[in-house]
2 protein chains.
Amino acid sequence: MPQEKIREDRGPMTLTDLPLRHETPPARRTRKRTRIQAENEARILDAALAVFSATGYRGATLAEVAERAGMTKPNLLYYFRRKEDIYLAVLTRTLEHWLAPLRDLNADGEPVEEIRAYIRRKLQLARDFPKESQLFANEVLHGAPNLMPVLRGPLKDQVDEKAAVIRGWIADGRLTPVDPHHLIFMIWATTQHYADFAPQVGAVLGSNDWLDEAAATLDAIFVGGLTPR
Amino acid sequence: MPQEKIREDRGPMTLTDLPLRHETPPARRTRKRTRIQAENEARILDAALAVFSATGYRGATLAEVAERAGMTKPNLLYYFRRKEDIYLAVLTRTLEHWLAPLRDLNADGEPVEEIRAYIRRKLQLARDFPKESQLFANEVLHGAPNLMPVLRGPLKDQVDEKAAVIRGWIADGRLTPVDPHHLIFMIWATTQHYADFAPQVGAVLGSNDWLDEAAATLDAIFVGGLTPR
DNA sequence: GAAAAATTGGACCGATTGGTCAAAATAAAC
DNA sequence: GTTTATTTTGACCAATCGGTCCAATTTTTC
């Protein structure tokens with residue numbers, strides 16, 4: 001059986017109201033958030049990101065998450081009732097972080113320069129937060145069982161909006177005519193590749209210091225490919 | 001615990017002698033390969049590709065592989081002694097298929113046209129054999145525990161060889177100067193993206209018929225980016 | 001500092017899963 | 001057609017894992 005579908009639909013959604021809200025921890029039934037609660041939940045989410053991104057949902061064990069978070073398994077389950085809840089929580093947190101850079105693509109900027117800056121931002125994210133990228137990649141690779149509503153909803157909306165911007169630039173003759181959606185896919189693919197396929201990149205290059213060379217190459221190809229002749 | 005490292009080193013290797021040889025099935029101890037053996041092993045490998053690519057090594061269960069292969073679990077284990085053996089067998093078979101297209105990059109061809117043809121081949125592979133791509137992506141995403149020697153050995157050699165060809169083209173002024181390794185990464189990333197992130201591509205496009213548009217976009221960017229001005 | 005609430009962890013449980021075994025059934029060899 | 005080798009399967013086992021329970025401990029409240 002594939003990775004379980006964890007979330008059932010709960011209606012439409014927006015970017016600020018991502019549809020992955022997990023069960024509130026039992027301790028929060030009453031009163032306000034405790035200091036210990038905040039600390040432990042943060043430690044758990046960090047541990048969970050490491051474990052889930054490295055092994056996927058099915059491969060991850062609560063015992064390992066608990067150990068990395070420095071607590072026992074029942075203690076972990078005191079903060080998150082189920083494994084799914086932990087996964088959804090860390091996926092949600094990652095998602096916010098992940099959708100941000102595209103938003104900054106500015107319709108009023110110089111087209112080629114805007115895209116170049118976007119690529120640079122994504123490349124830095126890949127270097128600085130590879131685990132987030134891997135978590136996301138793993139989820140989508142296995143059919144996005146928990147993310148499909150987000151992909152079809154907020155993500156598609158976001159992409160469509162920016163695609164319209166790019167289409168406008170093309171119409172103005174400021175960019176080579178290409179399909180904006182596929183251009184965005186290209187940027188996602190080429191930048192996230194360095195996080196998701198890190199072992200391969202490292203093995204082929206014989207080094208893990210790829211950022212500058214990668215940026216230079218992406219720059220050359222995209223700028224050359226997008227600048228009207 | 002992450003996906004187990006299944007294979008321990010067995011020294012240097014070549015492309016034709018990939019280092020993922022699994023245990024020979026028990027039935028092959030004696031005499032030659034049976035008709036039933038060949039049939040069942042093929043059915044098992046097909047089933048295993050589907051299951052492993054969809055759920056990863058840890059997520060896959062022998063029961064599901066057996067069911068898809070149309071046999072009982074003990075029967076499956078009669079042909080492959082352990083889960084690892086099945087995984088390694090299907091990974092090996094995939095690998096051969098996967099390393100092929102790069103080999104066809106012809107040093108004597110017209111540079112931009114050769115790269116364009118390579119991209120087209122990879123894109124068709126992504127459409128026609130997404131499961132192979134996903135299997136490979138999953139393995140690398142989780143640290144390539146079973147593939148690292150291949151990545152560092154035969155794969156790196158293959159890439160280095162073709163990188164030299166590209167470097168030659170650049171030296172002759174027939175291509176925009178870019179780092180050949182990163183150019184190859186770009187091609188891998190942009191083409192395999194359509195297989196590995198298929199749910200996302202489908203969700204954003206609202207369609208699964210991406211080949212022609214993708215090819216046109218990749219063509220425009222890569223040709224524009226690689227053609228000297 | 002006593003009472004109440006929140007936090008921690010040892011022991012335990014049922015379900016799943018990879019894998020075994022031995023005996024039955026089928027196919028191949030002669 | 002009998003013997004021999006191969007193939008199939010039901011029953012079963014040990015380990016792992018998600019999750020529960022409850023008593024002990026610590027922190028907060030007043």
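Sequence lines set the chain letters: A, B, ... in the order given, protein chains first and strands last, and positions in each chain run from 1. All values below come from the heavy atoms of this structure, side chains included, with hydrogens, waters and symmetry mates left out.
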**Student:** How long is the line joining CE of A/Met71 and C1' of C/dG9, in whole Å?
**Tutor:** 12 Å
**Student:** Expressed as a whole number of angstroms, how long is the span from B/Glu67:CD to C/dT17:P?
**Tutor:** 12 Å
**Student:** Would the distance check show the side chain of B/Arg43 and the main-chain N or O of B/Ala69 forming a donor-acceptor pair, the cut-off being under 3.5 Å?
**Tutor:** yes
**Student:** Is the closest side-chain heavy-atom distance between B/Pro199 and A/His142 below 4.5 Å?
**Tutor:** no
**Student:** Report yes if a side-chain nitrogen or oxygen of B/Asn75 is closer than 4.0 Å to either non-bridging phosphate oxygen (OP1 or OP2) of D/dG10; otherwise report no.
**Tutor:** no
**Student:** Just how far, in rounded Å, is P of D/dT25 from OH of A/Tyr78?
**Tutor:**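 Nearest whole value for this atom pair: 17 Å.
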**Student:** Can you measure A/Ile36 atom CD1 to D/dT26 atom C1' for me and round it to whole angstrom units?
**Tutor:**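 Atom CD1 in A/Ile36 sits about 8 Å away from atom C1' in D/dT26.
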**Student:** By side-chain contact (heavy atoms from CB on, under 4.5 Å), which residues pair with B/Glu132, not counting sequence neighbours?
**Tutor:** B/Leu49, B/Thr94, B/His97, B/Trp98, B/Phe129
**Student:** Is any side-chain N of the basic residue among B/Arg81 and B/Asp85 closer than 4.0 Å to the acidic one's carboxylate O?
**Tutor:**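 Looking at B/Arg81 and B/Asp85, the cut-off is not met.
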**Student:** Rounded to whole angstroms, how far apart are CZ on A/Arg43 and P on C/dT7?
**Tutor:** 13 Å
**Student:** Check whether any side-chain N or O of A/Gln37 sits under 4.0 Å from OP1 or OP2 of C/dT7, and answer yes or no.
**Tutor:** yes
**Student:** Quick one: is A/Asn40 getting a side-chain N or O under 4.0 Å of the C/dT8 phosphate, OP1 or OP2?
**Tutor:**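 Yes, A/Asn40 has a side-chain N/O under 4.0 Å of OP1/OP2 on C/dT8.
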**Student:** Could you list, one pair per line, each protein nitrogen or oxygen that sits under 3.5 Å from a nitrogen or oxygen of nucleotides 18-22 of chain D, together with the distance?
**Tutor:**
{"unit_1": "D/dG18", "atom_1": "OP1", "unit_2": "A/Ala60", "atom_2": "O", "d": "3.0"}
{"unit_1": "D/dG18", "atom_1": "OP1", "unit_2": "A/Lys83", "atom_2": "NZ", "d": "3.1"}
{"unit_1": "D/dG18", "atom_1": "OP2", "unit_2": "A/Leu62", "atom_2": "N", "d": "2.9"}
{"unit_1": "D/dG18", "atom_1": "N7", "unit_2": "A/Lys73", "atom_2": "NZ", "d": "3.0"}
{"unit_1": "D/dG19", "atom_1": "OP2", "unit_2": "A/Lys83", "atom_2": "N", "d": "2.6"}
{"unit_1": "D/dG19", "atom_1": "O6", "unit_2": "A/Lys73", "atom_2": "NZ", "d": "3.3"}

**Student:** Is it the case that atom NZ in B/Lys131 sees more than 12 heavy atoms from other parts of the structure closer than 6.0 Å?
**Tutor:** no
**Student:** What is the distance, rounded to the nearest whole Å, between atom CD1 of A/Ile86 and atom P of D/dC17?
**Tutor:** 15 Å
**Student:** Whole angstroms only, please: what is the CD-P distance between B/Glu39 and D/dT7?
**Tutor:**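 From B/Glu39 CD to D/dT7 P: 11 Å.
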**Student:** Between the side chain of B/Gln134 and the main-chain N/O of B/Ala195, is any donor-acceptor distance below 3.5 Å?
**Tutor:** yes
